[in-house]
Amino acid sequence: MSKIHVTTTVNGDEAEFLCEPRETLLDCLRDKLHMTGAKEGCGTGDCGACSVTVDGRLVCSCLMLGVEAEGKEITTIEGMAEGDTLHPLQRKFIEHAALQCGVCTPGILVASKALLEKNPDPSEEELRYWLAGNLCRCTGYDKIIRAVMDAAAEMRGEAA
Amino acid sequence: MVEINLWSGLRRFADGKDRVEVEGKTVGEILDDLVRIHPGLGPVIKAGVAVSVDGEILPNARHAAVTEDSEVFLLQRLRGG
Amino acid sequence: MALDGKTSDYKQIGTTPDRPDGLDKVTGRARYGADIHVPGMLHGVVVRSPHAHARIVKIDATKALALKGVKAVITRADFPEGLEGEDWDIQENCMAGEKALYDGHAVAAVAATSQLIARDAAKLVEVTYEVLPCVTNVDEAMKEGAPVIRDGAADYSVPEGLHPNVVRYFDTGRGDLDKGFAEADLVVEKSYSTEAVHQGYIEPHACMGQMGSDGRGEMWVCTQGHWFIRRMSAAVLGIETTKLRVTPSEIGGGFGGKTTVFMEPLSLALSKKAGGKPVKIVMSRSEVLRSTGPTASASMDIKMGMTKDGKITAAHGTFRMQGGAFPGAPVDVTTMLAFANYDIENVHHIGYDVITNRPRQAAYRAPGAPMAAFAVESTIDDMARELGIDPIEIRLRNAVKDGTRSTFGPKFGPVGLVESLEAAKAHANYSAPLGPNQGRGVASGYWMNWGGETSASVAISEDGSVTVSVGTPDIGGSRASMALMAAEAFGIAYEDVRVNISDTGALGVNEPTHGSRATYASGLATIKAAEECIGKLCQRAADKWGIDVDAVVWEDGAAKPSGPNAGDHDPLTIGEIAAEMGGTGGPISGHYEGSPTGFSGSFGTHVVDVEIDPETGHTTVLRYLVVQDAGKAIHPDYVEGQFQGGAAQGIGWALNEEYIYGEDGRLQNPIFLDYRIPVASDLPMIDTVIVEVPNPGHPYGVRGVGETGITPPLPALANAIRSATGLRMTGLPMTPPKILKALKEQGNG
Amino acid sequence: MRYHSPASFEDAAGIAASATGTTRFLAGGTDVLVQLRSDLVEPDDLIDIKKIPGVKDITQRADGGWDLGVAVAGAEMTETPALMADWPGLVEGMDLIGSTQVQGRATLVGNLCNASPAGDGVPAMITAGVTLSVTGPDGTREVAVEDVPAGPGKTTLTKGEVVSGVHIPARGAHGGDAYLRFIPRTEMDIAVVGCAVNLRLDGDTVVEARVALGAVAPTARLVPDAAAAIIGTTLDDAALEALAAAASAACQPIDDKRGTIEFRTDVAGVLAKRAAKIAYGRAKGNAA
C-alpha cells in the first residue's frame, strides 16, 4: 500500500512521517513519532483522551487523518510545559489531586488550556460544558474543575 | 470442642444443623474435622470459604489458631473490585 | 524502637503532598499499557464472534496467512486441553472452544507487522458458525425452555429441579423470619432490577507479550494485579508460573475490571507462534465493552418488616444475577452484605448465579453490593415514608455498631455507620431548601474490604533515603499513601521516600489492587517492613555505641540512646547510619510477607438532591454529599477522590448506564456515545466528609475506602426521585423515558 | 483507500464521478473517521475538500444573508457574533453536535450528508430555509436542505455530486429561531428528539413560521401543521398546546436504544412549545 509523506510541526519542531491515508493523526503521533502522551480511549471522538490542537484549534486526534496534518501546527501534552517549568494547569492538577489514574489527564489539560486561551475567566458551568467531551471515570470531575478554576485565577493574576 | 456456625444453606449437608462441634486447634484442623463429621460439606470447603474467628475474617488461613472459646463462622469467600 | 502508642501525633499522615508520579502524569511521560514500543514488535488483533451463541463449525485462516506481513494466526487448537474449574473458564473465555458463548467472544487471533495489516488479516479469517438460540436476561435464562448454555456447569450448591443455567445457589441467614414478620407493624414487599454496567475505565486493555520456544516469557500489561495475570496466563498456556515475568504499566483505571486476563495469554501464544517476536495487543473501545467483564445484572425481591418505631424485625431477599456465560456473578457477596448495614435478628437471603449469553462478568467496585443496596435501601426509604420517620433517623435506629452481630454471622468491631449518619444529618446539604420538582434522597452503603496476599520491601539507600517496593499497581494515588506511611514510620521527609511498583520478578506474590486493599494491605506491609528496617538501624546504632539494642529508641529519623543511657550519645540519623552501613554489616532492608486479616469494612452515607423535569423525565443532580468512614485518611485528597469517583460511577449506574442487548443477543451500545457515563456537565461538585473511626487492625487505623462509595448512589438517587415525584422507580437505569412513563401513569392513576 | 485533495469542486466531482467503489468526501471527518474506525465503511476513495479555495469562508452577502464554506467548523460559526445574532437557533443546532473537540472539525454539510435522522444541525437549517449549491459532473445546482436527506444514511445527491456552498437567507426584521433537543445526559449524546422553530412577528402576532423535527422519522422533516398552529396567534397557551399536538402527531418514530416511540412523541410536543417560546422571545428582542 502506498504511503504518503507528511511534513508537519509538532510542539514547534518540524516532524515528518510516512502514513497510509487511513491512519489517524493519533496513530501517527503515537506510533510514528512515538509521542504517546495523547491516548486512545475510544477512537470515536467520545472521550477526549486524544485531544491536541491543530493550528490552535482543539480537536480529537482520533478524528483526523495523519495526512491532514500536512503543513499544520500541532501541539500536544508533550509541548505544554516550557522546559522544566510546568504550565499552571499542570501544577494545579498535581496540587489539587485532580487525577487518579491519569490517563484522561493529558487530554483534559490540553482542552483546559484551549479554553483558558479563549476565555480566561470561565464560569464553572462554562468549564463543565467545555470539558464535556473529556471523560474521566476516576474523579467525578470535582477536583478537575477546582484545579482548572484555580489555575485560571492564578493566570489572571488573582490570588489563589 | 470448637463450635462452627454454618450458613443456612449448608444445613442440608450437615443433617439440618446450623452449628457443629468439632475438634482442632487451627482453622485447618477444625475444617478437616467438620468434613470428617459431615462429608457432604467436602465440596463446600474445597470450593473455598472464608472463616471468621472472633470477628476477624480469615479468607485463607488454615494455620490460624482457634480456641474452645472462639466464635467461628463459615462465610462466603469475598472478592473485591 | 516500636511505634507503639502512636495515635494522633502524626507528622505526615493526614497531609496532602504532591503525588510522586504527578509530574509524569501531567506531562504525558507516564507509560500506560498501549504506550510501549519495542524493536521487532508485532501487532495482534483478535477475531470475535458476531453471534451471541453459536457452534464454531470451522475456522479457515488461509487467506489471512497469505496476506503479506501476517506472522501468526491462533485458535483454541493452539492451547492445551484438560484444564479444569476456574482455569478452564478463563481459557474458554480468552478463546472460544466448541462454541462462541457471547457477542464478542474471541475465536481466533492474528499477529502482523503492523496494526493495519493485523486488522485486515482478522477480517480475512473465515469462521463458519452454526447459530444457536440465545438468552441474555437473567429471569428468562432461569425459565423452563431457555437455551442451555452449558450443561453441567452447576456446582454442588444447586438443588435439584432448577434450570441448568442456574450454576450456583446461595441460602444464608439466621433467626426466625415468621416470628420477625409477626412482630412487624409494617411489612413491605417489592421487586427490583438493575442492568449490567461496565467499569468504563478510560484506558482500553493493552499488553505486550513475548514468549520464545523455551516457554519463557515476558509481559508488559496494564493491570490491577500482575501476579494474577502471571498465574492466569500460565494456566491458560499450560506453563509454569515462574516462566513468565510480568511488568505492570501505569494503569488507566480498572475498578475491578483489570483483575483478570482477556487477551494477555493470546499475545504470548501469538508471540510463540511467530518465533518469539513480541506481540502487542490493544483493545478498541467496542472490544472493551463487548468482550471484557462488565458487572452482573440483577433481579431481586425484598420483603422487610418494621415496628411502627422503625425497628427492623425481619428481612428477606431473593437475588437473581447473571454474570455472563460463566459462573461468577457476585451473588455470593450480595447474599452476605444485602442487609449488613442493620442490626436484624431475623434475616434470610436466597441467591441464584445464572449463566447467559453475555460476556463473563468481572469485579466492579464493591461487586454485588450496589444492586442489593438499591433494593434494600429503596425499601427502607418507602417504609420510613410510610411510618413518617426521617430517613437518617430510621437508619440510626437500626445501624450496626461495635459489638452488633452482623447479618452474616460474626460481630462487628468498631465501625463508622452511626458516625456517617450523624455527620450527614449535621451537613448543610441535609437542610438546604428544595424547590418545585426537587427532592432529596438518602442511602447508606457498606463494603467489607479485603487483606489478601501481600509482599513489600523497604530498603535504605546509602544516603539514608528510602525505597519502598510494593506489588499493588498505583491506580489512584497509592504511591503517595505508601510514601506518607513510610515517611511517618521512619520519621523522615516525604520527599526522601521513593515508591516503586515492582514487577513479578522483584517481590513475592501480591494480590491486585482490589478489594479496597492497597492502602490497607500494602500500607500495612510498608509499615511493617519499615519497622524491620528501624530495628536493624537501631541495632547498628547500639553496636556503635556499645549498648544493648533495647536501650535504643527511634525518633524523628534517628536512633537515640534511652533509659539509663539517655543523652550519653548524640543521635545517629538514618543518613549517618546508612552512610556507614556497608562497613557495619551491609545493606539494610526490611520485608513483609503475609495475608493481613485486620481489614475492616467502611460504611458510608450519601445525600443527593435532584430536580426532575416533569415534561421530559430528565433528572438533574443538584447537590451531592458523600460521608464515609476512612478509619484514618492517609492522604485526605485521594480519599476524597475515591469518595467522589465512587459517587459519580454510582450516579451513572443509577441514571443512564446499561448494557442494551437486541433479540439477537448482540450488544447494541458498544461505544461511549451510547454507553453513557457521566460527563463533566452532568454532575455538580461532590461534597465530602471524611469520618475517622480508626481500624484497630492497621497500625495507623486505615480502612480501605475505594469501593463503598459506589453502593449508596443507586438507592440515594431512587429515593431522591421518589421525594421529588412520589414515584418509586424499581428498575435501573432510571432513564428519562422510564421516569416520564411512570409520571404519566401516576397522572392517569 | 486512496486519498485525494482536489483544488476545485469540479475536480472533486470528477474524481467522485469516475470512482468505482465507495466514495466519501472529507471535510470535518467526524463521521467518516468514526465509520472507518468502526469498520462500518472503508471508502475506496476519500476526497478531502479542504484544499479547495473558500471552503473555510464565512461571508455576509449584501442582502444580509450568509454564505458558508462547506468546511466551516461549528466552532467557527459560534465565533462569528453577527451570524449568531441573526440565526441563534441554526448556530445552536450545530453547536450541540458532539464535544468542543468535535466542534473544532464538524461541519453543517457533513451533519446533513451523514443523513442521520437525529443530526442536530439539520432541523434549524430546514426552518431557516437554507439552500445548498451542489456541484456535479453536469455543473452546479441549487437545492433546499430538506430535499437532501432521503432516509437513514441516504441522500438525494447523485453519484459525483458534492455540496459546494451553504446559503442562509437574510434574517430580516422581527424574526427569531431556536433549536432544542432532548438527550439523556447534558452533552455528548445523539438527539432522542430535536425541534427547530423559526418565526416572524408582526407586533405580537406570529405571521410566518416553520417548524421542523429531528429523530422522530427517517429524516428530519418540516411540520407544516405545527407551523399553522401558531401562525396568526400571539403564542398563547392554546396555540402552544395546538403546536405540541401537531408536533406529536407528525412523529413516526421508532423504539430503539435511545428512546421509545411514546417518549419521542410526547417530548416532540414539549420541545416544540419550548423552542417556539424561545424563538418568539428572540423575535421580540429583534423588534425592540
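Keep in mind that this is a model prediction, so the values were computed, not measured. Each chain gets a letter, A, B and so on, in the order its sequence line appears, and its residues count up from 1.
- Scanning both residues, B:R11 and C:G173, for their nearest heavy atoms gives NH2-O, 4.3 Å.
- With sequence neighbours left out, B:H38 forms a ring pair (Phe, Tyr, Trp, His ring centres under 6.0 Å) with no residue at all.
- B:L75 is listed as a side-chain neighbour of C:F408, based on a closest heavy-atom distance under 4.5 Å.
- For the pair C:M448 and B:I57, the minimum side-chain heavy-atom distance is below 4.5 Å.
- Summarising the geometry, atom OG belonging to C:S600 is positioned 10.5 Å from atom CD belonging to B:E56; distances are rounded to the nearest 0.5 Å.
- Contact tally against chain B (heavy-atom pairs below 4.5 Å) for C:G598, C:S157, C:G704, C:G368: the top residue is C:S157.
- Only the side chain of C:H348 comes within contact range of chain B, with at least one heavy atom under 4.5 Å from a heavy atom of that chain.
- Proximity to chain C is absent for every atom of B:A61, based on heavy atoms less than 4.5 angstrom apart.
- Listed options C:L337, C:T597, C:I710, C:N449 were ranked by heavy-atom pairs under 4.5 angstrom with chain B; first place goes to C:T597.
- With a 6.0 Å radius and a threshold of 12 heavy atoms from other residues, nucleotides or ligands, C:E345 has its CD atom at or below the threshold.
- Atom CD in B:Q76 sits 5.0 Å away from atom OG1 in C:T335 (nearest 0.5 Å).
- The number of heavy atoms from other shown groups lying within 6.0 Å of CZ (B:R19) does not exceed 12.
- Note that CG of C:D155 is 11.5 Å distant from NZ of B:K46, once rounded to the nearest 0.5 Å.
- Contact annotation for C:Y169: only side-chain heavy atoms (C-beta onward) come within less than 4.5 Å of a heavy atom of chain B.
- Top candidate by heavy-atom pairs under 4.5 Å with chain B, chosen from C:G409, C:A369, C:G451, is C:G409.
- Considering only heavy-atom pairs separated by less than 4.5 Å from chain C, the leading option among B:A64, B:A47, B:A50, B:P43 is B:P43.
- No side-chain heavy atom of C:R174 sits less than 4.5 Å from a side-chain heavy atom of B:S8.
- Looking at B:V53, there are no atoms closer than 4.5 Å to chain C (heavy atoms on both sides), in backbone or side chain.
- Neither the backbone nor the side chain of C:S595 comes within contact range of chain B, judged by heavy atoms closer than 4.5 Å.
- A centroid separation of less than 6.0 Å is found between the aromatic rings of C:Y156 and B:F13.
- Atom CG in C:D332 sits 9.0 Å away from atom CH2 in B:W7 (nearest 0.5 Å).
- Contact count versus chain B (heavy atoms, under 4.5 Å) is highest, among C:E453, C:K411, C:M336, for C:M336.
- For B:E71, the side-chain hydrogen bond (donor to acceptor under 3.5 Å, both in side chains) partners two or more places apart in sequence, or in a different chain, are C:R405.
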